[in-house]
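Given the structure is predicted, the values throughout are model-derived calculations rather than measurements. Labels below follow one simple rule: chain letters A, B, ... track the order of the sequence lines, proteins then strands, and each chain is numbered from 1.
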2 protein chains.
Amino acid sequence: MKKTPSLTDLVAMAGAELTPTDRRIAQAVLAEPTLLAFGTVSHLADQVGTSRPSVVRFAHKLGFQGYTELQRQVRAEVSRRLVRPSERIRNDETTDTSAHQAINDAIDSVFEIVQGLDIAQLVKPIVEANQVWVLSGETSRAGAIAFCSGLSMIRPNVHLLDDRSISNELSNAGSGDTAVVFDFYRYRRLVVTATRLLAQSGVRIVAITDGPLSPLVELTDNWCEISVPAIGPFDSSVPVVAIAELLVSKIARELKGKTTERIDRIESLWESTETFFQ
Amino acid sequence: MKKTPSLTDLVAMAGAELTPTDRRIAQAVLAEPTLLAFGTVSHLADQVGTSRPSVVRFAHKLGFQGYTELQRQVRAEVSRRLVRPSERIRNDETTDTSAHQAINDAIDSVFEIVQGLDIAQLVKPIVEANQVWVLSGETSRAGAIAFCSGLSMIRPNVHLLDDRSISNELSNAGSGDTAVVFDFYRYRRLVVTATRLLAQSGVRIVAITDGPLSPLVELTDNWCEISVPAIGPFDSSVPVVAIAELLVSKIARELKGKTTERIDRIESLWESTETFFQ
DNA sequence: TCATGACTGTACCATATGTTACACTATTGA
DNA sequence: TCAATAGTGTAACATATGGTACAGTCATGA
């Protein structure tokens, strides 16, 4: 029992009482629903090769008061198809595992971005950099930590800047370096201004942030958008950590030969200082 | 080099020269592109709470001759998404998809644990604690950061112990306190020994670790098992961060009313120190 | 053959829509 | 404090749009 019958259903219902012209319209519209979702009466009429009134009559036959109403119906249908499949499920079953869903969606979108976007754009400056400086806001701190932790294993000269070290260390950065900045809405003033300073001194910027409206975006072309879900009342850093680790793995692949050597070195260093328990 | 820049790209390009109203429009449109694809100037203006001319000006700022042209662009973008919704599967780099799978599985198991296990066992000592001490190994550092960051918002006396502070601070811990320890295979010697010392001085231990064989397990009954997936050649901290944030949200629910007062204080502090950019 | 009815296009209208010019307001800098 | 400027809304306008009445066309049956 559907509350809203689909366009196909409506055409089927109208069925027998459709005139030849109606059928041509139906055919066109079923093949390309955007004609109806986006187009005007005139446009659709032209496409089908008929007159505007015929289109309106078609809408009447389908049980609508006019073209406008039919269009509204089709647009709703199209909108539903646009949202992510998992979201569709969530909307259907109102479970209270919303945090779980939100995180899964966010993770999915992270991988989507990594595959779709030109990730090499983000990786290249980090690989080539003389020194790498990492900055982060509050919710993104965990991501920055994960990034530094991983990146330190595969290349030298990785520095994590926090509130204390930032003012001292900033002067050591210069042309040939790259700064990787993690920050999200309620963008931290200190982080933004520091990034701006770095950009001005010729440091290449790679930004992980939450959208084109972020103040970080205007400082670089190498940025990537991450959506931040909520766990309970707080913003989650899970997706940030995920993208951070993905970046590291991409960089590792790029560095190839040099990488294994360095990891071995670090591992032996750790073992010699008895950092590990087993 | 994209032939047709996406809406996101366009907003990013316009960047700095967007007025506050422009940004409100951009935000609305990025969150819900159908507003632009389907809606009229009036409708969008109403949704955003502005006037029609502002919407048209927004289109101009993005480099279009008018709203109509901007709409055409967005419709094309939306149409593309309708035709091939499986754009995600396009690139099949096996490393990514397997990492994706691994992370999703790990996240799933985290939520299973949280729902299945008696999570109250972990939450209770933290809620009741006089002071909370947080320790972590290397891969779990990000989780510890996330945990501290969240927990500090909702209760006082949360201390993150790192290699430097651990020897000094350890003596401040005692009966009535709780230590939350994150550590995984290749257990960090410093963390394990410190935890043992804490346990001996009557500090309650909550451990997030990787199984019953962990040296942390023999120090407490309040522990929970997390599986660590791999992203490329590295261990991922994503599940640790997830469980950390889930713990925080559970604790927040437990503390209920007491938290709001503290959060308000922190907020006003942030405001007076102008911590944030916007 | 004509009459009937269904089907389709033309002509027209009220309204909604995108757009522009202009006026008002708030903010900035001297 | 005042002038200048950027930002935003009001008013007006030409056009596009959905809708309807009416006329023309075609097929069918007597």
Next item on the list: To the nearest Å, give me how far apart CZ (B:R23) and P (D:dA6) are.
Entry: 17 Å

Notebook entry, point to check: Within this structure, what is the OH-to-P distance between B:Y67 and C:dT20, rounded to whole angstrom?
Noted result: 15 Å

Margin query: Using OP1 and OP2 only, check whether a side-chain N or O of A:H60 sits under 4.0 Å from D:dG19.
Written below: no

Check: Which part of the nucleic acid does B:H43 contact within heavy-atom distance under 4.0 Å: base, sugar-phosphate only, or nothing?
Finding: nothing

Item checked: Salt-bridge present (A:D22, A:R57; N to O < 4.0 Å) -> no

Checklist line | B:L44 CG - C:dT19 C1' separation (whole Å) | finding: 15 Å

Item checked: N/O (side chain, B:S54) to phosphate O (OP1/OP2, D:dG9) under 4.0 Å -> yes

Checklist line | Whole-Å distance separating the CD atom of B:E17 from the P atom of D:dA6 | finding: 12 Å

Next item on the list: Could you tell me whether the side chain of B:R75 and the main chain of A:F38 form a donor-acceptor pair under 3.5 Å?
Entry: yes

Note to self: Less than 4.0 angstrom between a side-chain N/O of B:T68 and OP1 or OP2 of C:dT17, yes or no?
What the structure shows: no

Checklist line | Which residue lies more 5' along DNA chain D, comparing A:R52 with A:R57 via nearest heavy atoms | finding: A:R52

Checklist line | Side-chain N or O of A:T50 closer than 4.0 Å to phosphate OP1/OP2 of C:dT8 | finding: no

Notebook entry, point to check: Are any non-hydrogen side-chain atoms of A:I205 and A:T178 less than 4.5 angstrom apart?
Noted result: no

Item checked: Distance in angstrom units between B:R24 CZ and D:dG9 C1', rounded -> 12 Å

Next item on the list: Specify the residues of residues 25-42 of chain B, ordered by number, for which at least one heavy atom lies under 4.0 angstrom from an atom of DNA chain D.
Entry: none

Checklist line | Any side-chain donor near an acceptor of the partner, B:S6 and B:E77, under 3.5 Å | finding: no

Item checked: Residues A:E128 and A:R204 bridged, charged N to O under 4.0 Å -> yes

Next item on the list: Indicate whether the side chain of A:N172 and that of A:E169 have a donor and an acceptor atom separated by less than 3.5 Å.
Entry: yes

Margin query: I need the CG-P distance between B:L70 and C:dG18, as an integer number of Å.
Written below: 11 Å

Check: Rounding to a whole Å, what distance do you find between A:F58:CZ and D:dG19:P?
Finding: 14 Å

Note to self: Please report the distance, rounded to the nearest Å, between CD in A:E69 and C1' in D:dG18.
What the structure shows: 13 Å

Margin query: Restricting to non-hydrogen atoms, name the atom on B:P33 and the atom on B:R81 that form the minimum distance, rounded to 0.1 Å.
Written below: CG-NH2, 4.1 Å

Item checked: A:T21 side chain near C:dT8 phosphate (N/O to OP1/OP2, under 4.0 Å) -> yes

Check: Taking the side chain of B:S51 as heavy atoms from C-beta outward, which of D:dG9, D:dT20, D:dT8 is closest to it?
Finding: D:dG9

